[in-house]
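For reference, the structure discussed in these notes is given below.
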Amino acid sequence: MSSKTENGQRGIRISFEFFPPKSEEAETQLWNTVADLTEWEPDFVSVTYGAGGSTKTPTLSAVRRMIHETPFTTASHLTCVGATREDTHRVIDDLLATGVRRFVALRGDPPGGVGSAYQPHPGGYANAAELVLALRERGDFDISVSAYPEKHPESRDTAADIDMLKRKADNGANRALTQFFFDNDAFERYHDRVRAAGVKIPVVPGIMPIQNLTQLKRFAGACGTHIPSWLDERFEGLDEDADKRADVAADVAAEQIEDLVRRGIHEFHLYTMNRSPLVSAVLDRLNIPRKTDAREGAAA
Ligand code: FAD
């Protein structure tokens with residue numbers, strides 16, 4: 001599939017995720033990407049936060065610039081792993097001072113990385129549900145949390161994941177953004193179980209357009225995301241053809257979104273990896289109007 005579809009008329013809502021740059025080159029890349037993606041008018045964008053505060057300064061400065069120099073409604077991610085409650089409140093104070101009113105509240109991975117034993121800080125918040133409550137007690141913020149359609153790697157089972165999601169929703173989360181996945185059937189089964197458990201907040205699929213399948217496979221293993229064999233088949237023989245690879249990647253993500261729309265889902269969180277061309281190619285395939293289209297329409 002590479003033709004445009006009529007999904008643009010069906011009111012798809014999108015948000016974008018960025019990560020804070022750690023070099024001058026990455027900084028230029030981020031802000032060029034932000035400029036390119038502005039015309040898609042996302043509902044909101046978010047900036048990730050390194051667990052244990054490892055990106056505190058770059059996250060704060062990216063969020064500040066996003067709020068003051070772009071039209072985006074901006075959420076800051078925030079983790080509580082490895083921090084006392086006082087540490088976490090200091091970061092919240094700093095974020096509030098930059099104008100943040102939206103958070104993506106997370107526990108964060110343990111310092112040894114995914115799979116190492118997680119130990120709550122004795123003086124800190126033990127999990128994202130406690131962090132959501134702390135934020136809710138501080139103010140009337142918009143709070144997103146994580147969800148794992150294919151199970152969090154540390155989790156006993158999906159029921160434990162859904163219990164945690166319910167605690168986060170009960171504590172005041174406004175929506176859940178999912179880990180990226182490629183198996184829409186798995187998402188639908190998870191979504192049905194979430195609703196059956198009485199969780200009413202939107203569960204927004206996290207969509208990862210595939211910039212590089214080999215790298216993604218390494219990353220997916222750590223996140224618990226299953227890479228179906230049909231993805232290998234779609235990319236087979238394209239190692240030397242970057243243009244064709246980009247076309248296939250855009251087709252795959254657009255097809256995934258179209259299928260989820262048919263299943264009744266209308267909000268999507270796109271992992272941009274701080275690059276715009278592939279994200280724009282996906283949204284073009286879905287026929288989502290750009291701001292420039294609206295201006296041209298009005299001028300005609
Ligand atoms: P929680 O929701 O607190 O828990 C995760 C799972 O662990 C639960 O679903 C539950 O099954 C299990 N669990 C935890 N405690 C218990 C318990 N007491 N009893 C039973 N089960 C339990 N990481 C970053 O470092 N920075 C980011 O900016 C970032 N952004 C993210 C954005 C999204 C949309 C997603 C999906 C993930 C993001 N992550 C980020 C990764 C996240 O920090 C890790 O997956 C981390 O290991 C768990 O954080 P959480 O908020 O999902 O944890």
Side-chain angles (χ1 to χ4, degrees), residues 15-22 44-56 58-60 62-63 74-83 88 91 95 100 102-121 124-135 143-181 187 190 193-194 197 199 201-208 219-225 267-274:
S15 53
F16 295 139
E17 183 168 310
F18 302 104
F19 56 83
K22 288 190 190 153
F44 70 94
V45 303
S46 72
V47 180
T48 62
Y49 182 89
S54 60
T55 68
K56 184 181 160 195
T59 296
L60 272 165
V63 164
T74 305
S76 180
H77 294 218
L78 174 66
T79 65
C80 56
V81 66
T88 301
V91 181
L95 288 166
V100 170
R102 278 187 176 241
F103 293 90
V104 181
L106 302 144
R107 187 197 76 185
D109 287 326
V114 185
S116 60
Y118 169 72
Q119 282 295 332
H121 191 292
Y125 295 111
N127 52 49
E130 290 190 4
L131 181 60
V132 170
L133 193 58
L135 283 166
I143 304 172
S144 299
V145 292
S146 64
Y148 299 90
E150 296 181 287
K151 195 177 89 57
H152 184 274
E154 282 169 41
S155 195
R156 196 172 64 239
D157 51 29
T158 303
D161 265 350
I162 293 176
D163 279 353
M164 182 58 76
L165 181 60
K166 183 155 175 27
R167 287 176 62 191
K168 294 189 281 194
D170 289 348
N171 284 354
N174 297 89
R175 79 185 61 69
L177 307 172
T178 79
Q179 187 57 274
F180 69 93
F181 63 91
F187 173 81
Y190 171 79
R193 287 186 67 174
V194 166
V199 179
I201 58 173
V203 179
V204 180
I207 303 293
M208 176 72 85
F219 185 50
C223 301
T225 299
E267 281 181 70
F268 299 93
H269 186 65
L270 278 89
Y271 293 103
T272 68
M273 305 309 284
N274 291 5

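Whatever order the structure lists ligands and atoms in, that order sets their numbers, starting from 1. Only a predicted model underlies this, so the values are computations on that prediction, with no experimental measurement involved.
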For [X], is at least one N or O under 3.5 Å away from an N or O on ligand 1?
| X | value |
| --- | --- |
| Glu17 | no |
| Tyr271 | no |
| Thr178 | no |
| Thr79 | no |
| Ala51 | yes |
| His152 | yes |
| Ala128 | yes |
| Lys168 | yes |

Return the option from [options] holding the heavy atom at the smallest distance from [atom].
| atom | options | value |
| --- | --- | --- |
| atom 21 (N) of ligand 1 | Ala160, Gly53, Ala173 | Ala160 |
| atom 39 (N) of ligand 1 | Leu106, Asp161, Val81 | Leu106 |
| atom 43 (O) of ligand 1 | Ala222, Ala105, Gly108, Pro110 | Gly108 |
| atom 4 (O) of ligand 1 | His269, Arg156, Met164, Gln179 | Met164 |

Taking all non-hydrogen atoms of both residues into account, name the closest pair between Thr59 and Pro20 and its distance.
OG1-CG, 3.4 Å
Presence of salt bridge, Lys166 and Asp170, under 4.0 angstrom
yes
Side-chain heavy-atom pair Leu78, Leu106 within 4.5 angstrom cut-off:
no
With a 4.0 Å cut-off on heavy atoms, is Val104 touching ligand 1?
no
Taking only non-hydrogen atoms of Tyr125, do any sit less than 4.0 angstrom from ligand 1?
no
Using modelled atom types and a 3.5 Å cut-off, is there a donor and acceptor pairing between side-chain atoms of Thr225 and backbone atoms of Phe180?
yes
Among all protein heavy atoms, pick out the one at the shortest distance from atom 44 (C) of ligand 1; state its residue, atom name and that distance to 0.1 Å.
Asp109 OD1, 3.2 Å
If you have a sec, work out which protein heavy atom is nearest atom 12 (C) of ligand 1 and how many Å separate them, to one decimal?
Ser155 OG, 4.2 Å
List the steps and the verdict of side-chain contact (heavy atoms from CB on, under 4.5 Å) for Val91 and Lys56.
CA-CA 8 Å; Val91 181; Lys56 184 181 160 195; 4.1 Å; yes
Sub-4.0 Å protein heavy atom near atom 19 (N) of ligand 1
no
Does the ring of Tyr125 carry Arg107 above it, NZ/CZ under 6.0 angstrom from centre and within 45° of its axis?
no
Exactly one candidate in Val104, Thr48, Leu95 meets side chain to side chain contact (heavy atoms under 4.5 Å, CB included) with Ser76; the answer is Leu95
